Asks: 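Pasting a structure here, questions to come.
Predicted model, so just to flag it, every value in this text is computed and none were measured. Whatever order the structure lists them in is the order used to number ligands and atoms, beginning at 1.
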Amino acid sequence: MSGSSSGSGILQLQGASFGYADRAVVRGVDLDVEPGEVVALLGPNGSGKSTLVRGLLGLNEHLGGSVRLFGTEVERLRDRYRLGYVPQRHTLSASVRATVEEIVAIGRLPHQGWFARRSRADQQIVRESLELVGLSDRAQEDVSTLSGGQQRRVLIARALAAQPDVLIMDEPTAGIDEASQYVLADVLHRLVARGTTMLIVTHELAALRDVVSRIVVLTSGRVIFDDTPAAYAERRAADELAHTHGGHHHDDELPARRPTPTGAHGPVDHLGAPDA
Ligand SMILES: Nc1ncnc2c1ncn2[C@@H]1O[C@H](COP(=O)(O)OP(=O)(O)OP(=O)(O)O)[C@@H](O)[C@H]1O
């Protein structure tokens, strides 16, 4: 990860609202993300997860509150490459004729300029990015010959090649088979080991449960939960319990439902539900 920050935080949102034209979809969000945190952003369909992350990238309207990225007001941030973005459900079109390496090298453009040649250092960073996502052996292949999951990894490598200070991923595991989801989770583990700060929109928390250090839940555009995976598991267990017993009480069922106390990275068996 490159670059120094004028503030210690990566993302600092206070009462932040984002939306389209002047319709706020995400409202009053307070969120501080520190270096090294891996935050999963959960919520039902249409709750505003993509709107929030795309708002950070300046891809929709910032309608209120304060949004600071790396200590700088979002509107004044010049080095946009510091936010690495892997968009939702995006694969590389078959109409693009390019090798895996060429796609990843696009990530170096903010550093090298459009017309400059790639330096040895650029080439080394491209190689390292490919290695991190486990695609070194496919570098010279046409991207269109890769599977959906592999293409998703190419896009992660492209984002990493820009050496961002935070990696924002919108549903990195969506629409790919379960085996590929676990390969992707391995890639994310490697990034965690390097201290990469990540904000991951996901519905498939089960595949990422050992990766995330914090869970934020959005509902109808508002943050309704922000805590550790262990606290989230406890909350879900308590909700399930209330739901199961609602009104008529069966004492003999209680112990089976009691949440297990865990650490931040402890087992979080209840996290597999698709929506928060
Ligand atoms: N480009 C857009 N213009 C106008 N409204 C939009 C646009 N994109 C999304 N919305 C609206 O914003 C709301 C939140 O959508 P968003 O895609 O942020 O939710 P989400 O939580 O990411 O959903 P999903 O899990 O289905 O991806 C929805 O009502 C949606 O219709």
Asks: Examine V183 and L146 and state if one hydrophobic cluster contains both, with Ile, Leu, Val, Met, Phe, Trp and Tyr joined whenever side-chain heavy atoms are less than 4.5 Å apart.
Replies: no

Asks: Below 4.0 Å from any atom of ligand 1, is there a heavy atom belonging to R23?
Replies: yes

Asks: Going by heavy-atom distance to atom 14 (C) of ligand 1, choose the closest among G46, G221, S47.
Replies: G46

Asks: With backbone taken as N, CA, C and O and side chain as the heavy atoms from C-beta onward, which portion of T51 lies under 4.0 Å from ligand 1: side chain, backbone, both, or neither?
Replies: both

Asks: Flag yes if more than 12 heavy atoms outside D137 fall under 6.0 Å of its CG atom; otherwise flag no.
Replies: yes

Asks: Of all the atoms in ligand 1, which lie at a distance below 4.0 Å from a heavy atom belonging to K49?
Replies: 18 (O), 19 (O), 20 (P), 21 (O), 22 (O), 23 (O), 24 (P), 25 (O)

Asks: So do L188 and I200 actually touch side chain to side chain, heavy atoms under 4.5 Å?
Replies: yes

Asks: With atoms numbered from 1 as shown, which atoms in ligand 1 lie under 4.0 angstrom from a non-hydrogen atom of P44?
Replies: 21 (O)

Asks: In chain order, what residues pass the side-chain contact (heavy atoms from CB on, under 4.5 Å) check against Y20, with sequence neighbours excluded?
Replies: V25, T51, N60

Asks: At a 4.0 Å cut-off, with the gap strictly under it, does some heavy atom of G19 reach an atom of ligand 1?
Replies: no

Asks: Please say whether G48 places an N or O atom under 3.5 Å from an N or O atom belonging to ligand 1.
Replies: yes

Asks: Are the side chain of H111 and the backbone N or O of A162 linked by a donor-acceptor pair below 3.5 Å?
Replies: yes

Asks: Show the atoms of ligand 1 that are less than 4.0 angstrom away from any heavy atom in V25.
Replies: 12 (O), 13 (C), 14 (C)

Asks: I'd like to check the side-chain contact (heavy atoms from CB on, under 4.5 Å) partners of Q14; sequence neighbours left out, ordered by chain and number.
Replies: D30, S66

